[in-house]
Amino acid sequence: MKRTAEHTRRAVHWLTTRWHDSLEEARQRPDRGDVSTTTVIIWVAAVTGAVVIAGTIAIVIAKYNGQLAGL
């Protein structure tokens, strides 16, 4: 139990330090190249399109599975 507490304390300390370092860097360099809104919209559209295409293929395969078995 003592080792678990020590590992947890180290992990929390590491995460806290990293978080504070990130906040400090953000204060020093506010223009650090964040992803633009347009890029996020394009990625969401691409992923949505891929999911729709995969779903359509799955539906068609499920519908015609019996007929495709003889090929």
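Under the side-chain contact (heavy atoms from CB on, under 4.5 Å) criterion, Gln28 pairs with Glu24, not counting sequence neighbours. Under the side-chain hydrogen bond (donor to acceptor under 3.5 Å, both in side chains) criterion, Thr37 pairs with no residue, sequence neighbours left out.
Taken from CD in Glu25 to CG in Leu23, the straight-line distance is 10.5 Å, to the nearest 0.5 Å. Put simply, OG1 on Thr8 and CD on Glu6 are 9.0 Å apart, with the number rounded to the nearest 0.5 Å. In this structure, the separation between OG on Ser36 and CD1 on Ile41 is 8.5 Å, given to the nearest 0.5 Å.
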Just distance, no hydrogens or angles: give the donor-acceptor pairs under 3.5 Å from side chains in residues 12-21, sequence neighbours left out.
unit_1: Thr16; atom_1: OG1; unit_2: Val12; atom_2: O; d: 2.7
unit_1: Thr17; atom_1: OG1; unit_2: His13; atom_2: O; d: 2.8

Can you give me every donor-acceptor pair (side chain of residues 47-57, partner residue at least two apart or in another chain, under 3.5 Å) with its distance?
unit_1: Thr48; atom_1: OG1; unit_2: Val44; atom_2: O; d: 2.7
unit_1: Thr56; atom_1: OG1; unit_2: Val52; atom_2: O; d: 2.8

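Cluster partners of Trp43, using a side-chain heavy-atom cutoff of under 4.5 Å among ILVMFWY residues and allowing indirect links: none.
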